[in-house]
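Right, I'll just put the structure down here and ask away after.
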Number of protein chains: 2
Amino acid sequence: MPKLIDPACAPQDHLTRQRVALVQPGAIERAAGIFRAMGDGPRLRLLTLLGQGEACVTEIATAEGEDLSTISQRLRVLRNEGLVSRRRNGKHILYGLADQHVADLVFNALAHASEGRADLSRFSSLVTHKE
Amino acid sequence: MPKLIDPACAPQDHLTRQRVALVQPGAIERAAGIFRAMGDGPRLRLLTLLGQGEACVTEIATAEGEDLSTISQRLRVLRNEGLVSRRRNGKHILYGLADQHVADLVFNALAHASEGRADLSRFSSLVTHKE
DNA sequence: GGAACACTTGAGCAACTGTTCAAGTGTTAT
DNA sequence: ATAACACTTGAACAGTTGCTCAAGTGTTCC
């Protein structure tokens, strides 16, 4: 009965190989929500843009070639998941990445997806410059 | 005109604060695809389960209290994004996390979402035991 | 060979998501 | 106070996604 070498899986094995609930259910739902918000091309593009520093909505909109409303809606989704920061500066509202953790998630996924072919040296170095 | 201290954002500023395309467009789409696959509670649960070691579909189904077809469909989505490994063992097919990178992504998100209240010591230590 | 087991797959339908449009809020300039 | 600017928001519609069911594939056992 070489269970460790051969992880076979008869019904009686299932009973012995009990799995543990590693995290509280709420944590999984929150994490899924974060991934869901990031799991959209245009929204992830936005995050990579903000990874290079703060920007106001108009600036983002012109950079992406989209209208204000669309960008604002995308930012709302990201904001609902706590992924971006937001502060007013006169007439403008500046958005940025919420914290280093978000920067890391985006950075890691991009590094993985581009398999080392990207130059990410400019990315997320401004996140801590919140002052 | 204190631009560095005050990142204001008049139209003429937008032109000077040019952003760079850090990654090729394809990489962003691939990364978004990965996040999209992870951005579903039940599917993320599956990944955390596989983070504790390989399991066959039947075992997963009984553990989650769902039917085979539903689990198989979820695994298909994860497989299409290259997040899980798959190998046959007799009648059974064993699934696991594809690589350490996937384990890291899930681990980081859970750690973030549970704010240090989870015991993740059992997680993903088996990923490299592919032999 | 045939039967049983362990999945996989395509189709169908309900539920969700993203974009656009039109109307609204808050701030600055006059 | 009025106008202009910089967004935000709710509703509506199209496109996408996830689950269930029924039929299919591949493997083992007899």
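Below, chain A is the first sequence line, B the second, and so on; all start at residue 1.
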Five pairs at each end of the helix from dG1(C)-dC30(D) to dT30(C)-dA1(D): take the axis at both ends and give me the angle between them to 10°.
30°
Restricting to non-hydrogen atoms, name the atom on A113(A) and the atom on A31(B) that form the minimum distance, rounded to 0.1 Å.
CB-N, 3.8 Å
dC16(C) C1' sits how many Å from R36(B) CZ, rounded?
14 Å
Ignoring hydrogens and geometry, is there a side-chain-to-backbone donor-acceptor pair from N89(B) to H92(B) under 3.5 Å?
no
Check: dT8(D) base within 3.5 Å donor-acceptor of S69(A) side chain
no
If every non-hydrogen atom of L68(A) is compared with every non-hydrogen atom of A61(A), which pair is closest and at what distance?
CD2-CB, 4.0 Å
Atom pairs and distances, side-chain donor-acceptor, residues 32-48 of chain A, under 3.5 Å, sequence neighbours left out:
unit_1	atom_1	unit_2	atom_2	d
R36(A)	NE	G39(B)	O	3.0
D40(A)	OD2	R43(A)	N	3.3
R43(A)	NE	A37(A)	O	2.9
R43(A)	NH2	R36(A)	O	3.3
R45(A)	NE	E64(A)	OE1	3.0
R45(A)	NH2	E64(A)	OE2	3.3
T48(A)	OG1	R45(A)	O	2.6

Residue T70(B), side-chain atoms from C-beta onward, closest of dT20(C), dT8(C), dC19(D):
dC19(D)
Please give, in whole Å, the distance from dC7(D) P to L46(A) CG?
13 Å
Which residues pass the side chain to side chain contact (heavy atoms under 4.5 Å, CB included) test with N80(A), not counting sequence neighbours?
R76(A)
Counting just side-chain N and O atoms, does H92(B) come under 4.0 Å of either OP1 or OP2 of dC5(C)?
no
List the steps and the verdict of side chain to side chain contact (heavy atoms under 4.5 Å, CB included) for V57(A) and L75(A).
CA-CA 9 Å; V57(A) 185; L75(A) 287 169; 4.0 Å; yes
Rounded to whole Å, the CG-P distance (D67(A) to dA22(C)) equals 12 Å
At less than 4.0 Å, is any side-chain N or O atom of R43(B) found next to OP1 or OP2 of dG18(D)? Yes or no.
yes
Quick one: which of dA22(D), dC7(C), dG18(C) gets closest to the side chain of D40(A)?
dG18(C)
Within this structure, what is the CD-to-P distance between E66(A) and dG18(C), rounded to whole angstrom?
13 Å
Any Y95(A) side-chain N or O less than 4.0 Å from OP1/OP2 of dA6(D):
no
With clusters defined by side-chain heavy atoms of hydrophobic residues (ILVMFWY) lying less than 4.5 Å apart, directly or transitively, does L49(A) cluster with V84(A)?
no
Can a donor-acceptor pair be found, under 3.5 Å and without considering hydrogens, that links the side chain of D99(A) to the backbone of V102(A)?
yes
Check nucleotides 25-30 of chain D against the protein and report each pair of N or O atoms closer than 3.5 Å, with its distance, or say if there are none.
none

T58(A) vs dC7(D): side-chain N/O to OP1/OP2 distance below 4.0 Å:
yes
Under 4.0 Å from any atom of DNA chain C, heavy atoms only: list the residues of residues 72-82 of chain A that qualify, in numerical order.
Q73(A), R74(A)
In this structure, how many angstroms lie between the C1' atom of dG18(D) and the CD1 atom of I71(B), rounded?
12 Å
Listed by chain and number, what are the side-chain hydrogen bond (donor to acceptor under 3.5 Å, both in side chains) partners of T62(A), not counting sequence neighbours?
none
Identify whether any heavy atom of L68(B) sits under 4.0 Å from a base atom; if not, whether one sits that close to sugar-phosphate; answer base, sugar-phosphate or nothing.
base
